[in-house]
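Being a predicted model, the structure only gives us computed values, none of them experimental. Quick note: residue numbers are just sequence positions, from 1.
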Amino acid sequence: MAEMAAAETEEVTDETDTHDIFDTEPRFGFLGYFMAVLIGTSGVSALIIVLWSSMAFGKDALDKLMEGEDYKNIPPAVVVVIVLLLYLLDFYWPPHLPGQHFVLYDQGTMLGKLIGFILLCFFLVACFLRAKDKPSVPLIFTLCLSPIYVGAVRFFMKPSEDVTPGRGKSIFNSKDITLKMKVLKNIVGQEEDVMKFCRAAFSAYMLNFVGVLVLWLIWAVGLEKGLDVVNDENASNAEKEIAWLLWATPLVVALSNLVFALFVLLRIVMQRTYSGTNEEKNRLIADAMHTSLQEDMMSYRKLIKKARLSKCGTVDMFTDAQTTAKLQEKYMQQHASQVHQLQLIIKVVGCVFILAIGSLYVGFNLAFADNQIANMVLALFGLFFVFFGVFIFVSLNRVVGAMGHWIYDLPMWKGGLVVIRHPAVRAFFMMVFTPLIIIMVPLSIVNQCIRKCRALYDREVPKMDIESEHGITHSFRPSHVNLSLTPRVKHAFESAQQWEWVAIVMYINLLAFVYLIFAVTPASLNVVLATIREPLKELGYGVIIVITFFLGIVAFLLPPVPGLTVYIFGGILISDVNTGAPSFWGGATINIAVCFFLKLAASAVQQKCIGEMLGKSMMVRQIVGVHKVGARCIESILRQPGFTVGKVAILCGGG
């Protein structure tokens, strides 16, 4: 027994148990994955540096693309025509081929992929020909090749998953421990193979990062190359911006490799936690611990040690019933906590990306009205955010599914489903999408005619489930050959006929009037303020400050008036030396102080004179929903003493 316990507690390495995990040897190990990823990512990095940097042919390549600006509208037109033709041919969602997408005929997936590739090529050409307006576009889109290549490597090189007969819910009712251990072997083996690939991808990306960065430092800093145009006094600002862009391209490539490496590192770090979210594996481990087949379990103890999420216990756990029950309960309860931890990590990283993109967007708009470097940085962050979302969706799909259920169960989500059926919301969407409806109806008529010509309705129509307005599901086999529109569009119009159109039309007129007010009021106010500016200059400087203060309060009480108009008016009038300001900067400082106290006073007036008075109305309280859970939670947070994170967030968001 002591020897068996020692064998249980000894370290199990990756190299010793590879043949125990798969019935056949894996085709690739760490070295194979590393070389495959390194070749592709290094090739993409080299391609970008050669084509889009001043280290090689970047200037010539951009000049060639700019020369083709006259043809920049042709590829988008071709893409639009192809997309419309494919819609008319039912390529995207063929009703005569249920369960299939992006096919023109039964099982025509290869043709669908070819068409998708052609559309992608035309789209890329259309983007590249915009290089004169957006010279960073070729760089951004070429960077996309690196993660796409890595994903393709994983898709084609991963070992085929073992499809064990009986695998599924029925396997847990089976008493065949050999079958269960076979499934467990393949699950653990798949996890180990994923980790080998992730470590290989991380190593390849980091090697690319270091190599490109060192190369760029030697070229840009050591040899001081690439900035000749920037130092030329005769060069225009546009030429200098392009020169900076070409000079910084290798640095962008290096940092992109670093970011992609950090994505993979995040997956490696979360592997232990993510492994705990595999309910199938946890159930198999728990069933294995519960079995009474002592001899069989001893032959699989190494595998169970590798699959366990914690290293507590020895071989005695197979004979100690109380320990077995506790461990079984632990494995079956840890799923929710592990999913919660991963959800928190994903939310934090996603919020950091959103905050960074928003901050950079505001900062660059304030500092640079139209700067190519600023546009490139924003595009890079957007690219990283998109690939982060795709990476999380692909590599942590169990957590994404759990987050989907979590969002679906939120009261806010359920409330949103109710809100979108309100006549005001439907009126808003009608105002926005009416032009699309005008285009959709003729396309639907043509699509229906093509279906009739192809005799698609002569085939047996599969059973369809259509959800009505009130959530009732009707199953039927309709004959669609006599319809003028496609069945889906016809059903949409039939559902729309049940809407409350009197209320919707009323809200459309109301929303149009509100839009008109918000569009006209700021311009009209600018005219009024510009008219009274000259008479105000004849008054004393103190009187001007007082009048500006009270005019600002009145303007703030008008919802259509933006605060920016008031601030600009105060800046023009109070900062003017001709009105009595001590100097421009002195007047600007006084204006900042006046606008600060003006905003505070206007907020106090709005809350005390408007909010408090309306708060006494039962109708207003009912519309706001002060009795609902959300409002009560906000009240509870605001009653907390001091400045907490939640309290400050509510006050800033509500201000």
Side-chain angles (χ1 to χ4, degrees), residues 80 83-84 87-88 90 92-95 407-452 456-457 461-523 558-560 614 617-631:
V80 171
V83 168
L84 290 179
Y87 168 77
L88 296 176
D90 294 309
Y92 308 106
W93 193 356
I407 293 175
Y408 185 77
D409 293 334
L410 285 176
M412 184 181 300
W413 176 264
K414 296 178 180 178
L417 296 178
V418 176
V419 169
I420 61 176
R421 293 185 172 89
H422 193 274
V425 178
R426 286 175 170 172
F428 173 78
F429 282 106
M430 287 299 299
M431 292 178 62
V432 175
F433 295 108
T434 296
L436 296 180
I437 296 175
I438 297 174
I439 299 174
M440 179 187 67
V441 172
L443 287 176
S444 179
I445 294 174
V446 176
N447 189 12
Q448 181 72 355
C449 293
I450 293 176
R451 290 182 181 181
K452 293 178 182 179
L456 297 182
Y457 295 124
V461 181
K463 192 174 182 180
M464 296 179 61
D465 292 333
I466 298 180
E467 186 176 349
S468 71
E469 177 72 14
H470 304 289
I472 304 173
T473 301
H474 304 280
S475 299
F476 57 97
R477 294 176 178 272
S479 176
H480 299 147
V481 70
N482 297 322
L483 298 178
S484 300
L485 301 172
T486 56
R488 194 174 294 114
V489 176
K490 178 68 174 177
H491 172 67
F493 276 104
E494 290 176 350
S495 300
Q497 290 177 358
Q498 303 177 16
W499 293 359
E500 302 173 17
W501 281 103
V502 175
I504 290 175
V505 172
M506 181 190 68
Y507 277 113
I508 288 176
N509 287 279
L510 179 61
L511 290 173
F513 178 74
V514 170
Y515 174 78
L516 180 64
I517 293 296
F518 273 86
V520 173
T521 301
L558 301 175
L614 292 177
S617 171
M618 185 61 67
M619 182 183 68
V620 174
R621 292 164 62 89
Q622 184 178 5
I623 293 175
V624 174
V626 295
H627 60 291
K628 295 183 178 179
V629 176

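Between Y92 and V83, the shortest heavy-atom contact is OH-O, 2.9 Å. Between L483 and K452, the shortest heavy-atom distance links the atoms O-NZ, 3.1 Å. Heavy-atom minimum distance, Q448 versus L485: CD-O, 3.5 Å. Nearest heavy atom pair, residue P487 against residue R451, reads CD-NH1, 3.4 Å. Nearest approach of L88 to L443, heavy atoms of both residues: CD2-O, 3.6 Å. Nearest heavy-atom pair across F493 and V441 is CZ-CG2, 3.7 Å.
For the atom pair Y87 OH and N447 CG, the distance stands at 5.0 Å (nearest 0.5 Å). Between R621 atom CZ and L614 atom CG the span is 12.0 Å, to the nearest 0.5 Å. Interatomic distance, CZ of R426 versus CD1 of I508, reported as 12.5 Å (0.5 Å rounding).
Within 6.0 Å of CD on E500 lie no more than 12 heavy atoms contributed by other residues, nucleotides or ligands.
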**OP:** With side chain to side chain contact (heavy atoms under 4.5 Å, CB included) as the test, would you mind laying out the steps for Y515 and M431 before giving the verdict?
**Re:** CA-CA 11 Å; Y515 174 78; M431 292 178 62; 5.6 Å; no
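Looking at heavy atoms from C-beta onward, I504 lies out of side-chain contact with F429 at the 4.5 angstrom threshold.
Looking at residues two or more places apart in sequence or on another chain, you find a side-chain contact (heavy atoms from CB on, under 4.5 Å) between A424 and H422, Y507.
T486 places no side-chain N or O within 3.5 Å of a backbone atom of S444 that could act as its donor or acceptor partner.
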